[in-house]
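These numbers come from the heavy atoms of this one structure, side chains and all, not from hydrogens, waters or symmetry mates.
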Amino acid sequence: MRLGLITIVVDDYDQAIEFFTAALGFDLVEDSPSLTNDGRPKRWVVVRPPGAETGILLARADGERQTGAVGNQVAGRVGFFLQADDFDAAYERMMAAGVDFVISPRTETYGRVAVFLDIAGNRWDLLGSA
């Protein structure tokens with residue numbers, strides 16, 4: 001078995017695509033028209049880091065409950081972890097792209113870490129070796 005996709009609920013497809021591709025450097029794997037279970041139009045949008053197998057389905061919020069989950073998918077905790085081969089280069093590139101880092105880089109026993117927010121407001125760890 002393997003993990004194929006995870007979902008992040010977002011407000012807007014195009015803004016989310018721009019953030020994940022331009023700011024984080026992910027690849028846009030798919031952007032196809034689709035339908036909700038009750039037949040309304042939506043898009044099937046998948047992004048993922050270059051070379052990764054697991055992707056992120058960017059799902060536009062549909063309804064009040066989903067809108068309330070945007071940016072709070074894991075109750076304010078860090079819920080997503082982006083491992084960088086070159087931590088410093090990734091951090092500098094992301095800073096230059098305007099990514100909002102809420103905790104500056106620090107060194108822990110497991111390596112380098114900095115916490116940033118995605119386009120929806122979810123917390124991520126940028127991780128690298130010490």
Side-chain angles (χ1 to χ4, degrees):
M1 286 191 282
R2 62 182 171 80
L3 185 62
L5 293 172
I6 62 164
T7 298
I8 293 181
V9 181
V10 298
D11 286 321
D12 180 86
Y13 291 119
D14 294 322
Q15 290 174 358
I17 291 168
E18 177 70 16
F19 175 82
F20 281 94
T21 59
L24 299 189
F26 285 23
D27 294 328
L28 177 61
V29 177
E30 185 173 359
D31 184 357
S32 303
S34 188
L35 297 173
T36 62
N37 290 334
D38 60 359
R40 290 176 290 117
K42 68 174 186 177
R43 288 159 62 185
W44 184 262
V45 178
V46 177
V47 295
R48 69 174 169 230
E53 288 188 28
T54 302
I56 298 172
L57 176 68
L58 300 174
R60 187 183 62 208
D62 183 14
E64 190 175 308
R65 184 172 181 207
Q66 290 181 22
T67 299
V70 173
N72 195 30
Q73 291 197 191
V74 292
R77 295 187 59 117
V78 170
F80 307 97
F81 304 85
L82 183 59
Q83 186 74 40
D85 293 331
D86 185 337
F87 179 91
D88 292 327
Y91 176 76
E92 292 301 323
R93 182 181 51 75
M94 292 166 66
M95 284 289 293
V99 174
D100 183 12
F101 279 88
V102 295
I103 297 178
S104 298
R106 67 182 190 273
T107 301
E108 298 289 343
T109 56
Y110 53 83
R112 303 266 294 143
V113 62
V115 180
F116 68 93
L117 302 178
D118 68 19
I119 186 73
N122 296 298
R123 288 176 167 259
W124 289 65
D125 272 357
L126 174 64
L127 299 166
S129 52

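Looking at heavy atoms from C-beta onward, Ile17 lies in side-chain contact with Val45 at the 4.5 angstrom threshold. Looking at Asn122 and Leu117, their side chains never come closer than 4.5 Å, going by heavy atoms from C-beta outward. For the pair Val102/Arg123, a side-chain contact is recorded, criterion being any heavy-atom separation below 4.5 Å from C-beta on. Considering only heavy atoms from C-beta on, Phe26 comes within 4.5 Å of Leu82 through its side chain. Looking at heavy atoms from C-beta onward, Val46 lies in side-chain contact with Leu5 at the 4.5 angstrom threshold. Contact of the Asp88 side chain with the Arg112 side chain is registered, since non-hydrogen atoms from C-beta on lie closer than 4.5 Å. Looking only at side-chain heavy atoms (C-beta outward), Met95 and Tyr91 come within less than 4.5 Å of each other. Proximity of Phe101 to Leu126: side-chain heavy atoms (C-beta onward) are separated by under 4.5 Å at one or more points.
There is no path of hydrophobic side-chain contacts, each under 4.5 Å, that joins Phe81 to Ile56. Hydrophobic cluster membership differs between Val70 and Leu58, with clusters built from Ile, Leu, Val, Met, Phe, Trp and Tyr side chains linked at under 4.5 angstrom. Linking ILVMFWY residues whenever their side-chain heavy atoms come closer than 4.5 Å, directly or via other members, places Val99 and Phe87 in the same cluster. Under a hydrophobic-cluster definition in which Ile, Leu, Val, Met, Phe, Trp and Tyr are linked whenever side-chain heavy atoms come within less than 4.5 Å, directly or via other members, Tyr110 and Val78 are assigned to the same cluster.
The CZ atom of Arg93 sits 10.0 Å away from the CG atom of Asp86 when rounded to the nearest 0.5 Å. Note that OG1 of Thr21 is 7.0 Å distant from CG of Leu28, once rounded to the nearest 0.5 Å. Taking CD of Gln73 as the start and CD1 of Ile8 as the end, the distance is 6.0 Å to the nearest 0.5 Å. With rounding to the nearest 0.5 Å, the separation of CD1 in Ile6 from CZ in Phe80 is 5.0 Å. Atom CG of Asp125 sits about 9.5 Å away from atom CD of Glu108, to the nearest 0.5 Å.
The two residues Thr107 and Ala130 make their nearest non-hydrogen contact at CG2-CB, 4.2 Å. A pairwise comparison of heavy atoms in Val9 and Gln66 identifies CG1-O, 3.8 Å as the closest pair. Across every non-hydrogen atom of Trp44 and Ser34, the tightest pair is N-CB, 4.2 Å. The two atoms that bring Ala22 and Ala97 nearest to each other are O-CB, 4.4 Å, heavy atoms only.
Side chain of Tyr13 to main chain of Arg43: a donor-acceptor pair is present (N/O by atom type, distance under 3.5 Å, no hydrogens or angles). A donor-acceptor pair under 3.5 Å links the side-chain atoms of Asp118 to the main chain of Ala120, judged by distance alone. No side-chain donor-acceptor contact under 3.5 Å links Arg48 to the backbone of Leu57. Asp12 places a side-chain N or O within donor-acceptor distance of the main-chain N or O of Asp14, the cut-off being under 3.5 Å. Without hydrogens or angle criteria, Thr54 side chain to Leu3 main chain gives a donor-acceptor distance under 3.5 Å.
Ring pair Phe116/Trp124 is parallel by interplanar angle, where below 30° counts as parallel and above 60° as perpendicular.
The environment of Arg65 atom CZ is sparse: at most 12 non-hydrogen atoms of other residues, nucleotides or ligands sit within 6.0 angstrom.
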* Worked check of side-chain contact (heavy atoms from CB on, under 4.5 Å) between Leu24 and Met94 -> CA-CA 6 Å; Leu24 299 189; Met94 292 166 66; 3.3 Å; yes

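Under 4.0 Å is where a charged nitrogen must lie from a carboxylate oxygen, and between Asp62 and Lys42 no such pair does. Electrostatic pairing of Arg40 and Asp38 counts as a salt bridge here, judged by a charged N lying under 4.0 Å from a carboxylate O.
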